[in-house]
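Values in this document were obtained by computation on a predicted structure and should not be read as measured data.
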Amino acid sequence: MSQKVRVRFAPSPTGGLHLGGVRTVLFNYLFAKKHSGDFIVRIEDTDQSRFVVGAETYIFDCLKWCGLTPDESVVHGGPYTPYRQSERKVIYRQYAEQLVKNGHAYYAFDTPAELEKMRELLKTKGSSSLQYDHHVRMSMNNSLRLLAEETQHLLDAGTPYVIRIKILPNDFIPFKDLIRGDINFDTNTVDDKVLLKADGMPTYHLAVVVDDFLMKITHAFRGEEWLPSAPVHILLWKHLFGLDVMPQWAHLPLILKPDGNGKLSKRDGDRLGFPVYAMDWSDPGTNEITKGFKEIGFLPEAFINLLAVLGWNDGTEQEIFSMEELIEKFNIEKVHKGGAKFDFEKAKWFNHEWIKKLAVAHYYQRVKNIFESNGIDITDENYLKKVMELVKERCTLLPDFYTQGSFFFRAPVSIDIAAIQPKWDDKKNLFFIELLKTWELSTLWDATDLEVSFREIAAANQLKTGELMLPLRIMLVGGKFGPGVFEIAGTIGKEATITRIEHTLSLIE
RNA sequence: GCCGCGUUGGUCAAGAGGUUAAGACGCCUCCCUUUCACGGAGGAAUCACGGGUUCGAGUCCCGUACGUGGUACCA
């Protein structure tokens, strides 16, 4: 098959973009790009009751941040427009009617109350299945049981109805999943799913099949939760377009909660203190903001990287992959079958690695914004970059640059006097007074010169430099952290260094 | 309940019949660094369990347990 590879990501605009969603996009994207194919984003907004304003724009913002650019979509255009299912409503009905005509589907007039009654009845009868299927359909209110005239009469009267697929019992539906291999479904266990809803909208089942066909999708990768309904989709392909043009399937494993059991949800993130969404999501109904990976300080490179290796690896020891490497090395058949528990510690490790790996210019603007939102105006770009270079290896998340580097811009707010007080004595005090005198006269001001004079004075006073470096650090930084202390003094400059030493000295006395 | 899918250290995982069962995160010890971090050395798993098949099984088959998904006019 030399057909051009075409994949799609088909989100519903119902809220924040979940980790698992991004990974689904990513695997689709990687596969498409690896095979020089197209990546399509189709909005599946067929459930009007769940529609959320802003969710669609938000999804595209997330994709943009992640660097996963669609080739075709509602915003990028393309030859198969419209890419929003609500705007394709008329198309689906034609296919649904066609199925009815060919005997593969039927009209059903059952009201929700009647459906409820049916299930209750099945339950009391101790039936193993509560499904609307060949066991019960001939006792329901549908065009299979009704006479043709009766059906027509109901239709003419404008009675609400749905169109359901007619699943024939005692059959098997085999298909190949790129990740799971051969799978075989017994039609006795699949129900007569609704294809077209009473409001005229298609359900997911009809819409995916029709759109995947119309948009010439060659590979359909989606979450594992779709596996049980795969036989319905395959039957639809068979009846509508033929199995020979059906895309190849792959059902991706789920991302699970780190503790306990179950699928990772937004609530778990709130509970355990880490994000689950790609970017901040603000619920238009409640105005509640849910934190995103971007906003807590993740780099998109790291986010993509950690998602890619959650459920996939190339079989080597490599763990750090750029998007280019992922495109080159990705292989859908090496994706795991089992779900993976999400580990936020490891996620942070990826970010740390990417902060170290990337040039600071890559994320300079974001760090600058963090400093400015903390009240530090950045007037000298090179100075901030120098600071970033100095502290980057101790930063895991972008806001760490502020906590690790704010003292390069202003005197520490709190000084950990307790760390020097116990070992403080007159000799040390005199040392610092002498140091101040020397440094005040100093015309040169760089790390190595400062260290030399520092050591000379220490030696002259018969003091160990080690016992003096910690106090100096506390004076300049406020605490026991940061890069080399002379590096710091050299960077913040003569005036700041002297002021801070004097200040702390006055606190000790 | 029924149906599907899955199960290698706390977590992510390599492994496609014969290996001392990789590596990473986290944890612990040590080295480097008279801060913190980076970097380096080292420590901890018999592969869910029970049966098979085989000269030989983490790797193949069956069963059980556990987990997970579905069972909507939601996707």
Side-chain angles (χ1 to χ4, degrees), chain A residues 10-14 44-47 49-50 85 108 110-112 115 119 123 126-133 160-164 177 179-180 183-186 188-191 193-205 207-208 222-231 251 253-254 256-263 306 309-320 336-350 352-353 356 391-396 400 404 416 419 464-474 477 479-485 488:
Chain A
S12 293
T14 54
E44 309 222 329
D45 56 347
T46 53
D47 183 2
S49 67
R50 294 210 308 157
Q85 290 185 331
D110 316 276
T111 63
L115 291 173
R119 293 192 180 108
K123 209 180 285 178
S127 169
S128 62
S129 150
L130 268 38
Q131 300 186 140
Y132 195 122
D133 59 17
Y161 67 90
V162 299
I163 292 180
R164 308 187 88 111
D177 184 289
I179 296 172
R180 290 153 207 283
I183 297 180
N184 205 1
F185 274 97
D186 180 349
N188 288 309
T189 67
V190 352
D191 62 337
K193 285 254 181 298
V194 170
L195 264 22
L196 198 74
K197 301 186 260 188
D199 65 1
M201 279 290 191
T203 57
Y204 171 83
H205 307 106
V208 247
R222 65 220 312 192
E224 189 184 16
E225 66 270 27
W226 292 109
L227 203 44
S229 54
H251 291 87
L254 267 14
L256 278 15
K257 305 177 197 282
D259 56 352
N261 314 312
K263 196 159 65 154
L306 74 94
V309 297
L310 200 57
W312 171 84
N313 77 80
D314 73 343
T316 70
E317 287 183 10
Q318 185 173 355
E319 291 201 274
I320 302 298
H336 281 200
K337 297 183 177 85
K341 289 184 181 169
F342 181 67
D343 181 359
F344 188 55
E345 291 307 318
K346 183 102 189 210
K348 285 193 292 191
W349 175 79
F350 277 105
H352 191 189
E353 292 300 309
K356 286 189 289 177
V391 303
K392 67 190 285 189
E393 70 191 19
R394 48 209 100 203
C395 295
T396 300
D400 294 342
Q404 289 289 331
D416 187 6
K464 287 184 200 158
T465 47
E467 289 175 10
L468 300 164
M469 280 165 76
L470 184 66
L472 210 217
R473 168 176 299 282
I474 304 284
V477 176
K480 289 194 260 186
F481 63 98
V485 71
I488 295 169

The answer to which of A:A198 and A:F342 contacts RNA chain B further toward the 5' end, by nearest nucleotide, is A:F342
Under 4.0 angstrom, heavy atoms only, what part of the nucleic acid is A:V391 near: base, sugar-phosphate, or nothing?
nothing
Reading RNA chain B from 5' onward, which residue's closest nucleotide shows up sooner: A:A10 or A:K464?
A:K464
From the candidates B:rU35, B:rC38, B:rC5, the one with an atom nearest any side-chain atom of A:L470 is B:rU35
Is there a side-chain contact between A:H336 and the phosphate of B:rA13, meaning an N or O under 4.0 Å from OP1 or OP2?
yes
Short question: side chain of A:K197, backbone of A:T46 - any donor-acceptor pair under 3.5 Å?
yes
Partner nucleotide, any strand, of B:rA57 [Watson-Crick/G-U, under 3.5 Å]:
none
Decide whether a cation-pi geometry holds between A:R394 and A:F481; the criteria are a distance under 6.0 Å from NZ or CZ to the six-membered ring centre and an angle within 45° of the ring axis.
no
Can you name the one residue among A:T189, A:N188, A:N184 that meets side chain to side chain donor-acceptor pair (under 3.5 Å) with A:D186?
A:N188
Which of these nucleotides, B:rC5, B:rA75, B:rU35, is closest to any side-chain atom of A:E224?
B:rC5
So what does A:G466 touch, heavy atoms closer than 4.0 Å: a base, only the sugar-phosphate, or nothing?
base
Testing B:rA75, B:rC5, B:rC38 for proximity to the side chain of A:S12, the answer is B:rA75
Rounded to whole Å, the CG-P distance (A:D186 to B:rG4) equals 8 Å
Across all strands, who's sitting opposite B:rA16 as a Watson-Crick or G-U wobble pair, both distances under 3.5 Å?
none
When you check the gap from the basic side-chain N to the acidic O, do A:D343 and A:K341 get nearer than 4.0 Å?
no
How many Å lie between CD on A:E393 and P on B:rC36, as a whole number?
14 Å
On the 0 to 90° scale, with breaks at 30° and 60°, tag the A:Y204-A:W226 ring pair as parallel, tilted or perpendicular.
parallel
Side chain of A:L227: nearest nucleotide among B:rC12, B:rC73, B:rG4?
B:rG4
Over how many whole Å does the gap from A:D191 atom CG to B:rA72 atom P extend?
7 Å
Looking only at atom P, what distance separates B:rG51 and B:rA57, rounded to whole Å?
13 Å
Audit row: A:R222, A:H251, side-chain contact (heavy atoms from CB on, under 4.5 Å) steps and yes/no:
CA-CA 5 Å; A:R222 65 220 312 192; A:H251 291 87; 3.0 Å; yes
Using a 4.0 Å heavy-atom cut-off, does A:Q131 contact any base of the nucleic acid, only the sugar-phosphate backbone, or nothing at all?
sugar-phosphate
Do any side-chain nitrogens or oxygens of A:R164 fall under 4.0 Å of OP1 or OP2 in B:rC73?
yes
Inter-nucleotide C1' distance (B:rG26, B:rU11), Å rounded:
8 Å
Is the phosphate of B:rU71, meaning OP1 or OP2, less than 4.0 Å from a side-chain N or O of A:S129?
no
Which part of the nucleic acid, if any, lies within contact of A:D45, taking any heavy atom under 4.0 Å across all strands shown: a base, the sugar-phosphate backbone alone, or nothing?
nothing
Between B:rA14 and B:rG9, how many Å separate the two C1' atoms, rounded to a whole number?
13 Å
Under 4.0 Å between a Lys/Arg side-chain N and an Asp/Glu carboxylate O for A:D47 and A:R50?
yes
Do A:Y132 and A:L130 touch side chain to side chain, with heavy atoms closer than 4.5 Å?
no
Just how far, in rounded Å, is P of B:rU34 from CD1 of A:I474?
16 Å
How many whole angstroms separate atom CZ of A:F185 from atom P of B:rU71?
13 Å
Heavy atoms of other groups near A:K356 NZ, more than 12 under 6.0 Å:
yes
Please classify the nucleic acid contact of A:G484 as base, sugar-phosphate, or nothing, using heavy-atom distances under 4.0 Å.
base
Starting at atom CG of A:L256, determine the distance to atom P of B:rU7, rounded to an integer number of angstrom.
13 Å
Is the shortest distance from a Lys or Arg side-chain nitrogen in A:R180 or A:E224 to a carboxylate oxygen in the other one below 4.0 Å?
yes
With respect to the phosphate group of B:rA75, does any side-chain polar atom (N or O) of A:H205 fall under 4.0 Å of OP1 or OP2?
no
I want to check one thing: is the phosphate of B:rA72, taken as OP1 and OP2, less than 4.0 Å away from some side-chain N or O of A:R119?
yes
Could you tell me the Watson-Crick or G-U partner of B:rC30, where both distances fall under 3.5 Å? Say none if there is no partner.
B:rG40
For nucleotides B:rG40 and B:rA45, find the distance between their C1' atoms and express it as a whole number of Å.
25 Å
Can you tell which of B:rU35, B:rA75, B:rG69 lies closest to the side chain of A:K263?
B:rG69
Taking NZ from A:K480 and C1' from B:rC36, how many angstroms apart are they, rounded to a whole number?
10 Å
Working to the nearest 0.5 angstrom, can you tell me the gap between A:E353 CD and A:E319 CD?
9.0 Å
Given that both distances must come in under 3.5 Å, which nucleotide forms a Watson-Crick or G-U wobble pair with B:rA65?
B:rU7
Sugar-phosphate only, base, or nothing, as touched by A:P483 at under 4.0 Å among non-hydrogen atoms:
base
A:K341 side chain, from C-beta outward: closest of B:rA75, B:rU35, B:rC12:
B:rC12
Under 4.0 angstrom, heavy atoms only, what part of the nucleic acid is A:T189 near: base, sugar-phosphate, or nothing?
sugar-phosphate
Winner on side-chain proximity to A:R394, out of B:rC5, B:rA37, B:rC74, is B:rA37
Hey, is the side chain of A:K392 poking within less than 4.0 Å of OP1 or OP2 on B:rC38, counting only N and O atoms?
no
Need one value for A:V162: base, sugar-phosphate or nothing, where a base atom within 4.0 Å counts as base even if backbone is also close, heavy atoms only.
base
Taking only N and O in the side chain of A:N313, is any of them less than 4.0 Å away from OP1 or OP2 of B:rA13?
no
Determine yes or no for a side-chain-to-main-chain donor-acceptor pair under 3.5 angstrom, with A:S12 supplying the side chain and A:T14 the backbone.
no
How far does the P atom of B:rU59 sit from the matching atom of B:rG18, given to the nearest Å?
11 Å
With P as the reference atom in both, quote the distance from B:rA24 to B:rA41 in angstrom, rounded to an integer.
9 Å
Is any N or O donor-acceptor pair between the side chain of A:T465 and the base of B:rU34 shorter than 3.5 Å?
yes
For the P atoms, the ones on B:rG69 and on B:rG63, what distance do you get once it is rounded to whole angstrom?
24 Å
For every nucleotide of nucleotides 20-29 of chain B, 5' to 3': is a protein heavy atom under 4.0 Å from its base (B), only from its sugar-phosphate (S), or from neither (-)?
--BSBB----
Using Watson-Crick geometry (N1-N3 plus N6-O4 or O6-N4) or G-U wobble (N1-O2, O6-N3), each under 3.5 Å, B:rU35 is paired with none
Is there a side-chain contact between A:K356 and the phosphate of B:rG39, meaning an N or O under 4.0 Å from OP1 or OP2?
yes
Measuring only the C1' atom in each nucleotide, how far is B:rA21 from B:rG4? A whole number of Å is fine.
31 Å
